Amino acid sequence: MRALEQSVFIERNKYLQALIDRMHNGMVKVVTGIRRSGKSFLLFKIFRRYLRELGVGDDHVIAIALDQRQNRRYRDPDAILQYIEALITDGSPYYIMIDEVQMLAEFEEVINSLLHLENADVYVTGSNSKFLSKDVITEFRGRGDEVHVYPLSFREYMQVYEGDVYHCWSDYVVYGGLPLAALMRSEARKVQYLSSLFAETYLKDIIERNHIVKTQELEDLINVLASSIGSLTNANKIAATYKTKLHSSLSANTIRQYIDYLEDAYIVSAAQRYDVKGRKYIGALVKYYFEDVGLRNARLGFRQIEETHLMENVVYNELRGRGYSVDVGIVELRRRNAEGASVRCQREIDFVANLGSRRYYIQSAFSIPDMDKWEQEKASLCGVKDAFKKIVLVKDVRAVSRDESGIMTMSIYDFLLNEDSLEL
C-alpha cells in the first residue's frame, strides 16, 4: 500500500501547540529544523489557519517569504521595516512571519526593532547554505524562543499512509519522515527524491557554507557515520578507519570539525555516554544517529537496511521529538569469571531519557526469541537500582507486560503510536 498524494494536509499538532503556547511572550519565535522538515508549512499554513480560526483577520497577519522573487526588495532592512510598520495601523495584535530570515541583511537589528513594537508577535524560520536555521537562535541574545521541527514521527506518518501499521512501519524505516517523501506514491519517486535531496541540497549546503575543499573526505565521513548508527565511535576511531581502509591522512581534528558541520545542519546528532550509578558523563565515545532514517538510507543507496539499527534510530528520534534529552547509559556490574573471582564489567543501556524530574531507561531489542536474549537485554536494566521506569521495546506484537523485576516490555507500535506510552 502507498502513501496518499501531496494534496493531503498533514497535521503537526504538537508543533502548532508549541507555537500557541509561545504566543505574545515578548520573544521572537524561531522555528528550526532540518531542511524540508516542514518549518515553513507549519508557520504559513498550519499556524496561519489557527489564527484565522481565532478570528484574526488576514490584514493582521504580515507574512513575508524572503526566498520568493517578488519579495526580493524586502531583503533590505529599511525596506522591510518600512513595509511592516506601514501595515500596522491600529493597536490590535499583529502577527509577523518572516520565512528564510537569514536572507534579510542586518536581520538581527530588524527583528529586535520589531520586538519593540508592543502589539507585534514575531515568528521566523531560516535555513540555507550560508546561514542554517540553528544559527538563528544564537543571534537574539536571550530573546529567541526555539521550536524545533523534526521530520514526521511514525504517528504523524500514519495520517497519510494507506495501509496497516505493519506495512507503514516497513515504509517508514526505509524512506523516513520527510513530508514530501511521505506523500509520494511510488518507491522510485521516494528513492529519487531522497537521494537527490541529500546530494543537491544538504551536502551542497554544508560544503558551500563551510568552504570545504576536501569534499570526498566529507562524503566518506557521512558514509562511515551512516554505516555505524548506534555504534560507539569518536573522531580518533574514525581517523584510524580513514588511515587503514581509505588510505587517507585526514586528522581527527578535521573529522571532529566535519561532524560539527553535520550536527549544525541537523543531519546527525550525538548521544553521550552517561554513567548511571556515578551520575556523570564518561569518555569520548558517542553514538551518532540521523535526524531522518530515509536520508541515512539514501546516502547508502538503500543498500544497508538493517532494521535492528534503524529501529534504534527511530526510537532515539521519537524520544528527542517528545522533548527528552537522550544519553547512552553505562552500568558497572560485578560478575564471577571462569575462575570464580568477582570482576567488574560494564553493561550498556541503549537510552537514558530525561525530561525534568522524569527519567526512563529504554532498551531497543527488536526481537527476543529466547530466554537467553531476554536475560541479556534486561541485565543492564536490573543493574540500575533506582525507581525510574525500565522498558524493553520489541517489534513483536504483544500486550504491554511487566516481569517480576518490574521491567516493562512494549511493542514498538504501542510506543510510537501513543505519545503517552511511557506512562503506561
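Small disclaimer: the values here were computed from a predicted structure and weren't measured.
- A perpendicular orientation is assigned to the rings of F198 and Y202, their planes being inclined by more than 60° (bins at 30° and 60°).
- Although no hydrogens or angles enter the test, the distance criterion places a donor-acceptor pair under 3.5 Å between the side chain of R296 and the main chain of A226.
- For E200, the side chain to side chain donor-acceptor pair (under 3.5 Å) partners at least two apart in sequence or on another chain are K204.
- Residues satisfying the side chain to side chain donor-acceptor pair (under 3.5 Å) criterion with D67, sequence neighbours excluded, are absent altogether.
- Counting only heavy atoms from C-beta outward, the side chains of I349 and Q363 approach each other to under 4.5 Å.
- Sorted by first and then second residue, the salt bridge (Lys or Arg N to Asp or Glu O under 4.0 Å) pairs involving residues 43-54 (not counting sequence neighbours) are E11-R49, R52-D58.
- Within the 4.5 Å cutoff, side-chain heavy atoms of C168 are placed close to those of F154.
- With respect to L422, the side chain to side chain contact (heavy atoms under 4.5 Å, CB included) criterion is satisfied by exactly one of R358, K389, M408, R322: R322.
- A cation-pi arrangement is absent between R155 and Y150 under the rule of less than 6.0 angstrom and at most 45 degrees off the ring axis.
- Sequence neighbours left out, the pairs with a member in residues 11-34 that pass ring-ring contact (aromatic ring centres under 6.0 Å, His included) are H24-Y95.
- Applying the ring-ring contact (aromatic ring centres under 6.0 Å, His included) definition to pairs two or more places apart or across chains, those involving residues 281-307 are Y175-F302, Y274-Y281, Y289-Y316, Y289-F351.
- Seen from the ring of Y361, K390 does not count as a face-on cation partner, given the 6.0 Å and 45° thresholds.
- Using a 4.5 Å heavy-atom cutoff, the side chains of D350 and V315 are not in contact.
- Among residues two or more places apart in sequence or in another chain, the side chain to side chain donor-acceptor pair (under 3.5 Å) test is passed with S251 by T254.
- Note that CG of L250 is 9.5 Å distant from CG of L218, once rounded to the nearest 0.5 Å.
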